K.L.:
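The structure that follows is given in the form of structure tokens.
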Amino acid sequence: MAGNKVFNENNIRLNVKLDSKEDAIRAAGGVLIENGYVQPEYLEDMLKCEEAACTYIGNHVGIPHGICKSEERIKSSGISLLQVPDGVDYDGQTAYVIIGIAGKNDEHIEMLGKIAVTCSDLDNVDKIAHAKSKQEILDIFEGI
């Protein structure tokens, strides 16, 4: 994943302070919009998705993404990552890593799998949460 256009250092935000899960979703979606992966309306789809089902996946990680009908609002597949050292309440759980996902042509299925494998290791999540540079985070995802 690292080093290509789907996920690169421009998509990473370090030391983000968030007040709520909604802030986390808006910030993750904002990075995707800012970097040209999605149309602004995709953010509303991310919020709708969260209303339907919580995107907290455990191990202090939230992965907000769009809904089935979001495809037309995605220009190209992209991943954003927010490092939240102080954590943010994510439906009663604390998330330190927020990974926004926009997948075109079912590419998100593969992306979700890679993220799940990486984040299933709590050591990786801890390294991401405490990384001092964007390159450290890219290196964690390099092996997948």
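Note that the structure is a prediction, hence the values are computed from the model and not measured. Side chains are part of it too, since the values below use all heavy atoms of this structure and drop only hydrogens, waters and symmetry mates.
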K.L.:
OH of Y42 to CD1 of I74: how many Å apart, nearest 0.5 Å?
P.N.:
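Nearest 0.5 Å value for the OH-CD1 distance: 4.5 Å.
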K.L.:
Do L47 and L82 share a hydrophobic cluster, counting only Ile, Leu, Val, Met, Phe, Trp and Tyr and linking them when any side-chain heavy atoms are less than 4.5 Å apart?
P.N.:
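Same cluster: L47 reaches L82 through Ile, Leu, Val, Met, Phe, Trp or Tyr contacts under 4.5 Å.
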K.L.:
Is any side-chain heavy atom of T55 closer than 4.5 Å to one of C49?
P.N.:
yes
K.L.:
Assess whether a salt bridge exists between K69 and D45, defined as any Lys/Arg side-chain N lying under 4.0 Å from an Asp/Glu carboxylate O.
P.N.:
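Salt bridge absent between K69 and D45.
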K.L.:
Where is the tightest heavy-atom contact between Y37 and N11, given as atom of each residue plus distance?
P.N.:
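Where Y37 meets N11 most closely, the heavy atoms are OH-ND2, 2.9 Å.
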K.L.:
Which heavy atom of N15 sits nearest a heavy atom of P85, and at what distance?
P.N.:
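Closest heavy-atom pair between N15 and P85: OD1-CG, 3.3 Å.
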K.L.:
Do Y96 and D126 pair up side chain to side chain, a donor and an acceptor below 3.5 Å, judged on atom types alone?
P.N.:
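Result is no, nothing qualifies.
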K.L.:
Side-chain contact test, heavy atoms from C-beta onward, threshold under 4.5 Å: evaluate it for I12 versus L138 and give yes or no.
P.N.:
yes
K.L.:
Hey, are the side chains of I101 and I115 touching, using non-hydrogen atoms and a 4.5 Å cut-off?
P.N.:
yes
K.L.:
Working to the nearest 0.5 Å, report the span between CD1 of I63 and CD1 of I79.
P.N.:
10.0 Å
K.L.:
Going by an N to O cut-off under 4.0 Å, is there a salt bridge joining E34 and R13?
P.N.:
yes
K.L.:
Please determine whether a side-chain nitrogen of the Lys or Arg among K21 and E50 lies less than 4.0 Å from a carboxylate oxygen of the Asp or Glu.
P.N.:
yes
K.L.:
Hey, what's the ring geometry for Y56 with Y90, parallel, tilted or perpendicular (30° and 60° as the breaks)?
P.N.:
tilted
K.L.:
Side-chain heavy atoms under 4.5 angstrom apart, residues restricted to Ile, Leu, Val, Met, Phe, Trp, Tyr: same cluster for I67 and V38?
P.N.:
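Different hydrophobic clusters.
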K.L.:
Looking at every heavy atom in both A95 and I98, which two are closest together, and how far apart are they?
P.N.:
CB-CD1, 3.8 Å
K.L.:
Taking 4.0 angstrom as the limit, do R26 and E22 come out as a salt bridge?
P.N.:
yes
K.L.:
Looking only at heavy atoms, which two atoms of P64 and A28 are closest? And how far apart?
P.N.:
CG-CB, 4.2 Å
K.L.:
Using every non-hydrogen atom in the two residues, find where I140 and K127 come nearest and quote the distance to one decimal.
P.N.:
CD1-CB, 3.5 Å
